[in-house]
Student: 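This is the structure I want to talk about, given as structure tokens.
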Amino acid sequence: MSKVTTIERHILEQQASFPDATGTLTSLLYDLALAGKLIASRTARAGLADILGGTGIINVQGEEVQKLDTYANNAIYRMTNHAGRLAVMGSEEAENLIPIPDRYTTGKYVLLFDPLDGSSNIDYNVNVGTVFTIFHRKTASGPGTLEDLLQKGSEIVAAGYIVYGSSTMLVYTTGQGVHGFTLDTNIGEFLLSHPNIKIPAKPKYYSVNQGHYSRWSEGVKRFTGWLQGEEGSPGALSMRYVGSMVADIHRTLLAGGIFYYPIERQSPYGKLRLLYEVIPMSAIIEQAGGYASTGYQPIREVQPKELHQRSPLFVGSRELVEKAEEFIAKYDG
Ligand code: AHG
Ligand code: MN
Ligand code: MN
């Protein structure tokens with residue numbers, strides 16, 4: 001039998017290279033993997049919700065059957081709020097910061113997450129995901145504050161995502177490469193299937209909501225033309241677009257290429273959320289040898305000012321993202 005590496009073993013082995021590590025981050029990552037398994041199991045049954053909810057919308061525990069966004073949000077919150085590892089949390093589904101309940105001690109990390117990304121795809125049995133980011137707290141002690149959550153990508157301690165697709169995969173980085181695990185549903189474990197992922201040098205796909213073409217700037221339109229095979233381009237790339245950012249960036253990571261969600265006429269800041277989506281996915285792609293930009297500056301340098309701030313994003317193979325910056329500088333000024 002060849003070596004089987006569970007996610008727990010992998011995280012522990014990575015921890016061994018940090019001599020001062022206390023195991024807190026390891027435990028936190030493991031809690032998130034567990035939350036991922038809960039969400040995977042629930043999303044796999046999404047189509048059955050109406051059938052199994054036949055007695056109304058109250059489940060056997062006497063609780064209301066929840067939308068999957070809410071379920072996923074609560075799963076992550078409940079798995080991580082009580083163990084003294086976190087000072088505060090932020091979620092795409094919560095308007096304000098999420099404090100740690102008074103009865104528990106606070107810890108040295110903070111967690112930001114998008115519990116269910118691409119949730120508009122749920123009804124059609126199309127991939128969805130979860131995204132998480134971990135920073136060190138900035139304040140010294142006591143309940144965490146907004147200051148602890150509003151940190152730049154360059155400060156990331158760990159980031160990861162879980163994609164619920166034909167199989168469930170968890171991909172994470174603690175700054176020592178990007179590693180992917182596939183959930184073996186028979187034994188209920190994430191097993192290392194994609195060690196040390198590097199984004200391929202040769203790009204394969206571009207990924208964007210091209211239905212929004214008429215809302216784009218001149219630079220983005222021309223860049224897209226270049227990707228399609230205009231002079232000097234790497235050759236006409238094929239397009240793939242799921243509409244779940246996690247799935248679209250996961251494919252970009254493994255196949256090579258670019259994913260972008262630019263500024264649009266009606267949305268001058270773009271659509272994606274800086275803290276919950278853009279910063280973590282960018283950190284992962286950069287760890288894998290790619291690059292992420294707003295079109296004007298590296299994502300990792302953007303200082304978040306608000307929890308739900310939006311940002312344009314160009315992420316993937318370095319050569320393509322730099323080309324997007326070039327087109328934007330030339331045509332959009
Ligand atoms: P969420 O489901 O967490 O609100 O995120 C949806 C996002 C993202 O996953 C995706 O890339 C984008 O919305 C798709 O938007 P369009 O439908 O405008 O392409
Ligand atoms: Mn999302
Ligand atoms: Mn979401």
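Bear in mind the structure is a predicted one, so any value in this text is a computation, not a measurement. In each ligand, atom 1 is the first atom listed, and ligand 1 is the first ligand listed.
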Student: Ring centres under 6.0 Å, that's the criterion: do Tyr276 and His308 meet it?
Tutor: yes
Student: With a cut-off of 4.0 Å, which atoms of ligand 1 are near a heavy atom of Ser244?
Tutor: 9 (O)
Student: Assigning hydrophobic clusters by single linkage (Ile, Leu, Val, Met, Phe, Trp, Tyr; side-chain heavy-atom cutoff under 4.5 Å), is Leu274 placed with Leu97?
Tutor: yes
Student: Quick one: name the protein N/O/S atoms under 2.8 Å from the Mn ion (ligand 2), chain by chain.
Tutor: Asp114 OD2, Asp117 OD1, Glu277 OE2
Student: Give the numbers and elements of all ligand 1 atoms closer than 4.0 Å to a heavy atom of Tyr241.
Tutor: 14 (C), 15 (O), 16 (P), 19 (O)
Student: Could you name the option among Glu93, Met245, Lys271 that has the heavy atom nearest to atom 12 (C) of ligand 1?
Tutor: Lys271
Student: For atom 4 (O) of ligand 1, what's the nearest protein heavy atom and its distance?
Tutor: Arg273 NH2, 3.1 Å
Student: Could you state the interatomic distance from CE (Met169) to CZ (Phe181), rounded to the nearest 0.5 Å?
Tutor: 9.0 Å
Student: I'd like to check which ligand 1 atoms, numbered from 1 as shown, lie under 4.0 Å from a non-hydrogen atom of Glu92.
Tutor: 1 (P), 3 (O), 4 (O)
Student: Tell me whether Val321 is reachable from Tyr206 by hopping between hydrophobic residues (I, L, V, M, F, W, Y) whose side-chain heavy atoms are closer than 4.5 Å.
Tutor: yes
Student: For the pair Tyr172 and His179, name the ring-plane relationship: parallel under 30°, tilted 30 to 60°, perpendicular over 60°.
Tutor: tilted
Student: Under the criterion salt bridge (Lys or Arg N to Asp or Glu O under 4.0 Å), I'd like the reasoning laid out for Glu322 against Arg318: C-alpha separation, chi angles, the key distance, then a yes or no.
Tutor: CA-CA 6 Å; Glu322 284 176 349; Arg318 174 169 285 278; 2.9 Å; yes
Student: Tell me the protein heavy atom at minimum distance from atom 10 (C) of ligand 1, and give that distance in Å.
Tutor: Gly243 O, 3.4 Å
Student: At less than 4.0 angstrom from any non-hydrogen atom of Glu277, what atoms of ligand 1 do you find?
Tutor: 3 (O), 5 (O)
Student: Shared ILVMFWY cluster between Leu86 and Ile134, side chains joined below 4.5 angstrom?
Tutor: yes
Student: Through direct or indirect side-chain contacts below 4.5 angstrom among Ile, Leu, Val, Met, Phe, Trp and Tyr, which residues connect to Tyr124?
Tutor: Val126, Val242
Student: Could you identify the single nearest non-hydrogen protein atom to atom 2 (O) of ligand 1 and state the distance to 0.1 Å?
Tutor: Gly118 N, 2.8 Å
Student: Aromatic rings Tyr161 and His250: how do their planes relate, parallel, tilted or perpendicular, breaks at 30° and 60°?
Tutor: perpendicular
Student: List ligand 1 atoms under 4.0 Å from Ser119, heavy atoms only on the residue side.
Tutor: 2 (O)
Student: I'd like to check which ligand 1 atoms, numbered from 1 as shown, lie under 4.0 Å from a non-hydrogen atom of Asp114.
Tutor: 3 (O)
Student: Quick one: look up the protein heavy atom nearest atom 18 (O) of ligand 1 and list residue, atom name and how far away it is.
Tutor: Tyr261 OH, 2.5 Å
Student: May I ask you to check if Arg222 and Phe327 form a cation-pi contact, with NZ or CZ under 6.0 angstrom from the six-membered ring centre and within 45° of the axis?
Tutor: no
Student: Heavy-atom distances under 4.0 Å decide this one: backbone, side chain, both or neither, for Gln210 against ligand 1?
Tutor: neither
Student: Where the side chain of Asp332 meets the backbone of Gly219, is there a donor-acceptor pair that is under 3.5 Å apart?
Tutor: yes
Student: For Tyr260, which of Phe223, Tyr241, Tyr205 qualifies under ring-ring contact (aromatic ring centres under 6.0 Å, His included)?
Tutor: Phe223
Student: Checking contacts here: is it the side chain or the backbone of Leu116 that comes within 4.0 Å of ligand 1, counting heavy atoms only? Could be both or neither.
Tutor: backbone
Student: Under 4.0 Å from ligand 1, counting heavy atoms only, is it the side chain of Asp117, its backbone, both or neither?
Tutor: both
Student: Under the 6.0 Å and 45° cation-pi test, does Arg85 pair with Tyr109?
Tutor: no
Student: Numbering the atoms of ligand 1 from 1, which are under 4.0 Å from a heavy atom of His212?
Tutor: 18 (O)
